[in-house]
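Here the structure is laid out as structure tokens; the discussion comes afterwards.
Keep in mind the model is a prediction, meaning the values are calculated, not measured. Numbers for residues simply follow the sequence, beginning at 1. Values reported hereafter were calculated over all heavy atoms of this structure, with side chains retained and with hydrogens, waters and symmetry mates removed.
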Amino acid sequence: MPTLSAVPDAHRYRFHPLLTIEELQHGEVSVPELIAKAERVLDGFDGSIDAIVGYWDFPVSTLVPILGERYGTRSTSLESVVKCEHKYWSRLEQQKVTDAHPRFGRVDLDADDPRPPEGVRFPMWLKPALSYSSELAYGVKDEAEFADAVARIREGIDRVGKPFEHILDRLDLPPEMADVGGRVCLAEEALTGVQVAVEGYVHDSEVTVYGVLDSINYPETSCFLRHQYPSGLPEPVQRRLRDISERVIRRIGMNWATFSIEFFYDPGTDAVNILEINPRHSQSHAEMFAYVDGVPNHHCMLSLALGEDPRLPHGEGPYQVAAKWYHRWFADATVHNVPTREEVERIEESIPGVRVDVTPEEGQRLSDLPQQDSYSYELAHVFTGGDSEEELREKYDKCVAALGLTFDEATPGGRGTKHP
């Protein structure tokens with residue numbers, strides 16, 4: 001990734017790939033096999049292993065502390081990572097230090113007729129304890145939609161839940177988690193308001209928040225249109241977000257690691273609620289921090305892994321604001337006229353402060369794309385830097401037009417239309 005090479009003192013680092021995305025996230029994951037593959041690569045390396053890092057969700061997030069313990073590299077504890085990634089355990093920890101979370105409870109997938117947890121009201125979200133990119137997460141507003149979501153989650157939960165139980169077996173679980181496992185479904189009341197993300201790190205047990213970003217959805221959907229940095233929320237609200245973030249991260253016990261916490265802020269009620277906690281920084285935000293602050297957030301991960309204080313600069317980048325846009329399609333289709341990498345580079349050169357990653361390949365059916373959310377398909381990620389929100393939008397619109405993607409309608413037997 002170009003942003004890894006753009007961190008300060010990049011000449012000090014030499015990056016070596018350990019496992020591929022296909023090995024880590026495609027199909028059913030086998031944690032023991034991944035650990036064995038990684039150990040073979042590391043045992044065969046003839047240089048010094050100074051750090052083992054990663055910025056993806058499970059299983060990468062859990063492999064880093066497991067391999068770190070084996071090879072003596074610095075990382076946060078496996079338990080602290082799982083307390084973030086297991087959505088039910090995370091809620092149990094959050095409620096010990098804050099009331100900034102929705103009402104929640106477990107859904108018994110083994111019951112003949114699963115019911116919503118007592119005290120959790122519609123509309124609500126159903127989601128596995130662990131998932132990729134909102135996979136198998138469903139918003140439901142009544143009993144019929146609840147039953148349909150439960151059936152879908154039952155069908156697909158083993159893909160990630162089963163290997164996650166291998167991780168849970170490595171931990172000394174507290175009584176409230178002893179019989180929960182990894183194949184558990186969480187129900188929680190739907191949150192309203194604007195979405196916002198907080199990024200930070202823990203250096204030698206000291207929590208630092210270095211950025212607050214806004215997340216804007218497509219109208220009438222739960223799907224991201226863009227992330228924008230820095231946040232436009234009032235400073236008193238941002239102070240509350242920082243305070244809650246620091247308290248929950250200290251409670252979870254993270255150290256020598258980055259984190260990203262997603263919130264909802266409701267301007268009407270002034271309520272702040274945690275959506276989820278990620279035990280990693282967001283690689284999706286790297287370009288935005290580079291555009292605005294002059295340094296991608298990967299710098300924090302690398303510095304901490306080497307025992308150093310990141311000490312990030314602020315406002316030293318070439319632009320005042322930056323965004324990551326999600327160009328999406330809300331129905332299944334086959335994609336054509338996908339530009340080559342050379343054509344994409346020409347688009348980037350013609351529009352300063354832009355980087356584009358196209359997701360599908362020429363002739364690919366959208367329903368064959370891995371790790372998509374339950375309501376849309378990602379066509380491209382467009383990163384833009386500018387001196388105003390209007391400039392960000394203009395650059396994005398130019399990029400989408402220049403990509404020139406076209407679509408055939410869905411073929412019979414597909415997943416059909418995704419309704420926002």
Can you give me the closest heavy-atom contact between Asn255 and Asp204, atom names plus distance? OD1-N, 3.4 Å

Compute whether any side-chain donor of one residue and acceptor of the other, for His227 and Tyr326, lie under 3.5 angstrom apart. yes

Within the distance-only criterion (no hydrogens, no angle test), does the side chain of Glu23 pair as donor or acceptor with the backbone N or O of Ile21 below 3.5 angstrom? no

Has Glu33 got more than 12 heavy atoms of other residues, nucleotides or ligands less than 6.0 Å from its CD? no

Go through the side-chain N and O atoms of His285 and Glu199 and say whether any donor and acceptor fall under 3.5 Å apart. yes

Beyond-backbone contact of Cys399 with Ile347, side-chain heavy atoms, under 4.5 angstrom: yes

Whether the side chain of Glu343 engages the backbone of Thr340 through a donor-acceptor N/O pair (distance < 3.5 Å, no angle test) should be reported. yes

Among Glu93, Gln94, Gln95, which one satisfies side chain to side chain donor-acceptor pair (under 3.5 Å) with Arg91? Gln94

Got a salt bridge between Lys87 and Glu188, using NZ or NE/NH1/NH2 to carboxylate O under 4.0 Å? no

With no hydrogens and no angle check, do the side chains of Ser367 and Asp332 hold a donor and an acceptor under 3.5 Å apart? yes

Val321 vs Met288 side-chain heavy atoms within contact, under 4.5 Å: no

Ring centres of Phe259 and Tyr201 under 6.0 Å apart? no

Under a 3.5 Å distance rule, please check whether Glu391 uses its side chain to pair with a backbone N or O of Asp387 as donor and acceptor. yes

Before accepting this row, confirm whether a basic side-chain N of the pair Asp373/Arg328 lies closer than 4.0 Å to the acidic partner's carboxylate O. yes

Modelled atom types, side-chain donor and acceptor of Tyr229 and Asp214, under 3.5 Å: no

The test is ring pair (Phe, Tyr, Trp, His ring centres under 6.0 Å); show your working for Phe330 and Tyr375 and say whether it passes. CA-CA 7 Å; Phe330 289 88; Tyr375 299 100; 9.1 Å; no

Would you verify whether the NZ or CZ of Arg106 falls within 45 degrees of the ring axis of Tyr88 while also being under 6.0 Å from that six-membered ring's centre? yes

Do Glu287 and Lys324 sit within salt-bridge range, that is, some charged N less than 4.0 Å from a carboxylate O? no

Pair Arg341 + Glu348, salt bridge at N-O below 4.0 Å: yes

Can any side-chain N or O of Lys395 pair as donor or acceptor with the backbone N or O of Gly386 at less than 3.5 Å? no

Considering the options Leu24, Ile52, Ile167, which one meets the side-chain contact (heavy atoms from CB on, under 4.5 Å) requirement together with Leu63? Leu24

With sequence neighbours left out, the residues meeting salt bridge (charged side-chain N to carboxylate O under 4.0 Å, His left out) with Glu276 are none

Given 3.5 Å as the limit, does a donor-acceptor pair link the side chain of Ser90 with the main chain of His86, or not? no

Is a side-chain donor-acceptor pair under 3.5 Å present for His298 with Thr3? yes

Contact between Leu312 and Phe289 at the side-chain level, heavy atoms closer than 4.5 Å - yes or no? no

Distance only, no hydrogens: is a donor on one side chain within 3.5 Å (strictly under) of an acceptor on the other, for Asp270 and Tyr265? yes

Consider only side-chain N and O atoms of Glu262 and Ser215, and report whether a donor and an acceptor are under 3.5 Å apart. no

Main-chain N/O of Leu92 paired with Glu176 side-chain donor or acceptor, under 3.5 Å: no

May I ask you to decide whether Arg393 forms a salt bridge with Asp397, counting only side-chain N to carboxylate O separations under 4.0 Å? no

Looking only at the aromatic ring of each residue, does the gap between the centers of Tyr138 and Trp125 stay below 6.0 angstrom? no

Considering only NZ, NE, NH1 and NH2 on the basic side and carboxylate oxygens on the acidic side, decide whether Asp243 and Arg247 come within less than 4.0 Å. yes

Give the minimum heavy-atom separation between Gly182 and Leu168, together with the two atoms involved. N-CD1, 3.5 Å

Under 3.5 Å: donor-acceptor pair, side chain of Asn273, backbone of His101: yes

On a heavy-atom basis, which atom in Asp142 and which in Glu145 lie closest, and how many Å separate them? OD1-N, 2.9 Å

Over 12 non-hydrogen atoms of neighbours within 6.0 angstrom of CD in Glu235: yes

Taking the side chain as everything from C-beta on, heavy atoms only, tell me whether Ser260 gets closer than 4.5 Å to His281. no

Short N-O contact, Arg242 and Glu246, less than 4.0 angstrom: no

In Å and rounded to the nearest 0.5 Å, what is the OH to SG distance from Tyr210 to Cys300? 4.5 Å

side-chain contact (heavy atoms from CB on, under 4.5 Å) with Pro279: which of Val81, Thr76, Val64? Val81

Please examine the side chains of Val248 and Ile274, heavy atoms only from C-beta on, and report whether any two atoms are closer than 4.5 Å. yes

Does the side chain of Asp357 reach to within under 4.5 Å of the side chain of Thr359, using non-hydrogen atoms? no

State, yes or no, whether a side-chain contact exists between Thr62 and Leu78 at a heavy-atom distance under 4.5 Å. yes

Could you pull out the closest heavy-atom pair between Ala187 and Pro117, with the gap in Å? CB-CD, 3.6 Å

How about Gln228 and Glu389: does a side-chain donor come under 3.5 Å of a side-chain acceptor? yes

Relative to each other, are the rings of Trp325 and Tyr396 parallel, tilted or perpendicular (30° and 60° limits)? parallel

Under a 4.5 Å cut-off applied to non-hydrogen side-chain atoms, are Val82 and Trp89 in contact? yes

